[in-house]
**Q** 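Quick one: the structure is below, questions incoming.
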Amino acid sequence: MFETVLVANRGEIAVRVIRTLRTMGIRSVAVHSDADAGALHTRLADIAVPVGPAPAAQSYLSIERVLEAAARTGAEAIHPGYGFLSENVEFARACEKAGVVFIGPPVAAIEAMGDKIRAKQTAMAAGVPVVPGRSEPGMDDDAVAAAAVAVGFPVLLKPSAGGGGKGMRVVRNEAELAEAIAGARREARSSFGDDTLLVERYIGNSRHIEVQVLGDNYGTVIHLGERECSLQRRHQKVIEEAPSVLLDTAARASMGRAAVDAAASVGYAGAGTVEFIVDADRGGRGADIDFFFLEMNTRLQVEHPVTELITGLDLVEQQIRIAAGERLPIDQSDVSLDGHAIEARLYAEDPARGFLPQAGTVLGLVEPSGPGIRVDNSLTAGSVVGTDYDPMLAKIIAWAPDRETARARLVGALGQTAVLGVATNATFLRALLRDPDVVAGKLDTGLIERRGAQLTAPEPPPPHVFAAAALALLIEAEPGDGAADRWDVPDGWRLGEPAWTVRRLQAAGGDVVVVRSRGRSMAAEVSVGDGEPVPARAFRNGDRLTVTLDGLTTSYFLVHEGGTVWLAADGHVAALREQERLASSAGAATGDGAVTAPMPGTVTVVQASLGDEVTAGTPLLVVEAMKMEHVLTAPVAGTVTELGVTAGQSVRLDERVAVVTPPASAPEQQEK
């Protein structure tokens, strides 16, 4: 067995691997970029080594620097986690050349299955059904376009390297092809260092089911059942569960055999996942379903915890033992599935703004606990969530003897989860898990898109949250123990009737709400907006604020930082700022042609020039953050009169990057 293992990754997966290494008695080495110095994975590891600046291409994706760190620390093996170098065949070769064990499959297996084009060809040769399409290596833009036309629209453009939905584009007509190909290549190149594309028929209303396989170096390959991953957004999984309600015992065995055949055909060793797609429109359950090979991920998957919870196996431990030359301790007949597990991915994103990635500093953190609850996380108070890496923050997982109990436990766990300082998708996840079709197990990859308006509609904080914020500010203003000048006590005392203290509070993107209070925090009256005054009391104990409003008591997690009061309760987080005066609406920039950055990130492409005449919807520039591209378009028809950014420039959230000035109306022209 190894004595020292380097983890060539970051975030929650690095933390996850390091914890298993610790239980196995193996010394762990963390690597980190300059942006991650002091991150949780560097503190949990026995040794931490810097490998370069924040951009992944100069740190986590640098094969040379990672191997230098291994040599410097005496690491005998490297665990690549997922993403980054995990499916990079050149990295696996470099490890082999350097005499370091790559904790993953053999180079030949990565070559055959890590590349989606070869993977389809390999699966076909093994007799596994595949999605119709074209996957010849080295297709240029013209060849990709011709393949799309030949396959028939809609089609799906997919990077041959990597996974996680990065670089995928659905193209619905020929007019969209050129821009889609260019965008897919850019994102694939940025994420994986390889912009090779393949073309597949797009099966829009589909179910995504994947099978976990394990193989050792002695020819044994088994499967550990399947995971349902149909709840996706932009081809990125959001909720995953095991087992799938779609499969019965016969269908599970059939899909499992296909997965094992595909893995065995390339001499697979280690943990891997064979992904299948099922046409949901064709109906059928159990043995009646038709499935197609989609791809094989030659690495650990983000959603591996749900398989661990229903099988009782530590997949990271199995990876390490296989890489160390041990045989699998079980065969297929030993595999049994116990209960049901569901995982939710917590992202730094704003669902109400099209799921755009968010950034900031974690000011406070609440993690759930309870029977059957597992949290894979790398966050701590003070963690900086930047734009250089994927926006996934954590995974909340629930296990129970049956699916409905697991689902209910996960909803409850998300209600106990709060990240203050950075917007997340926690409320969206709870709404999704409560959707009637999700409750019933009627899943498909288009469900989130169809339910978008219902699941992502912004909810302004309720009145009791505004009252709680006002009471929190009142507590801060009150004097401490000891004598105080009567006029310094902020209870509104006057010689006559007590006066009201007026606060104007505003949530991001919301209206200003006037909150009036009088009295001390333990015996006050509060009115919110046009509401009648009600009795209120509040006290604070550290980061906990307990508020009783009109007889109802609520406990909040509270942080007041940088002029913003952050309050979390029951799965909802509100960020309220106090306004000194009501903002004037004069000169509001509605419909004025201003284009602002919808997320902090980097401008990758500028497609317009000053003086260009454009129509509404014309692409102007592309902003990339957290491996995701967002095309900014002209909001109105007119002339580009301002363009203050260039390719490679960083932009802030809501920073104005361009202005399109509409033509003057006829009456205005006559006045001139």
Side-chain angles (χ1 to χ4, degrees), residues 179 183 186-187 190 233-234 347-361 384-389 391 421-425 428 452-453 456-460 506-512 562-564 573-577 579 582-663:
E179 180 59 31
R186 277 196 307 271
E187 198 169 332
S190 171
R233 175 189 52 76
R234 297 175 185 151
Y347 283 96
E349 62 186 13
D350 186 350
R353 300 184 66 173
F355 295 96
L356 292 176
Q358 301 295 297
T361 299
V384 176
V385 179
T387 60
D388 292 294
Y389 313 114
V422 182
T424 75
N425 65 335
F428 160 77
T456 62
E459 298 181 22
Q506 185 176 29
D511 297 328
V512 172
T564 298
V573 176
L576 306 178
R577 293 187 67 87
Q579 306 295 325
L582 289 172
S584 170
S585 62
T590 55
D592 65 352
V595 180
T596 59
M599 57 186 174
T602 302
V603 176
T604 56
V605 178
V606 177
Q607 296 167 286
S609 301
L610 282 174
D612 283 358
E613 297 292 332
V614 296
T615 59
T618 299
L620 302 179
L621 54 113
V622 178
V623 174
E624 180 188 280
M626 299 180 180
K627 301 181 182 178
M628 182 185 299
E629 285 194 340
H630 191 79
V631 180
L632 306 190
T633 62
V636 296
T639 305
V640 179
T641 55
E642 183 179 319
L643 193 63
V645 295
T646 58
Q649 180 176 332
S650 297
V651 291
R652 302 181 306 276
L653 174 68
D654 292 329
E655 178 179 343
R656 190 164 82 171
V657 294
V659 173
V660 177
T661 301

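For this chain, numbers begin at 1 and follow the sequence in order.
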**Q** Taking all non-hydrogen atoms of both residues, which atom of V660 and which atom of A634 are closest, and how far apart?
**A**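 V660 and A634 have their closest heavy atoms at CG2-CB, 4.0 Å.
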
**Q** List the steps, then state whether salt bridge (charged side-chain N to carboxylate O under 4.0 Å, His left out) holds for R186 with E624.
**A** CA-CA 10 Å; R186 277 196 307 271; E624 180 188 280; over 6 Å; no

**Q** Ignoring hydrogens and angles, tell me if any N or O in the side chain of Q358 forms a donor-acceptor pair with the backbone of L356 under 3.5 Å.
**A**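 Looks like yes, one N/O pair under 3.5 Å.
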
**Q** So which heavy atom on G510 is nearest to which on Q506, and how close?
**A**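 For G510 versus Q506, the nearest heavy atoms are O-NE2, 2.7 Å.
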
**Q** So which heavy atom on Q607 is nearest to which on P619, and how close?
**A**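 Closest heavy-atom pair between Q607 and P619: OE1-CB, 3.4 Å.
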
**Q** How many angstroms lie between CG in L620 and CG in L643, if you round to the nearest 0.5 Å?
**A**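 It comes to 7.5 Å.
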
**Q** Ignoring hydrogens and angles, tell me if any N or O in the side chain of N425 forms a donor-acceptor pair with the backbone of Y347 under 3.5 Å.
**A**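 Between the backbone of Y347 and the side chain of N425 there is a qualifying donor-acceptor contact (under 3.5 Å).
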
**Q** Looking at V645, V605, T604, V651, which hits side chain to side chain contact (heavy atoms under 4.5 Å, CB included) with L621?
**A**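 With L621 as partner, side chain to side chain contact (heavy atoms under 4.5 Å, CB included) holds for just one option, V645.
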
**Q** Which heavy atom of V422 sits nearest to which heavy atom of A348, and what is that distance?
**A**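 Nearest pair, atom of V422 first, then A348: CG1-CB, 3.9 Å.
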
**Q** Work out which heavy atom in V614 is nearest to a heavy atom in V640; give both atom names and the distance.
**A**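 Scanning both residues completely, I find the closest heavy atoms to be CG1-CG2, 4.1 Å.
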
**Q** Distance from T639 atom OG1 to D612 atom CG, nearest 0.5 Å?
**A**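 Rounded to the nearest 0.5 Å, the OG1-CG separation comes to 9.0 Å.
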
**Q** Can the positive tip of R233 be found less than 6.0 Å from the middle of the six-membered ring of F355, inside 45° of the ring normal?
**A**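 Relative to the ring axis of F355, which defines the angle, R233 lies inside both limits.
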
**Q** Where is the tightest heavy-atom contact between L576 and A507, given as atom of each residue plus distance?
**A**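 So the minimum-distance heavy-atom pair works out to CD2-CB, 3.6 Å.
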
**Q** Are L632 and V623 side-chain neighbours, meaning at least one heavy-atom pair lies under 4.5 Å?
**A**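 Yes; the side chains approach each other to less than 4.5 Å.
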
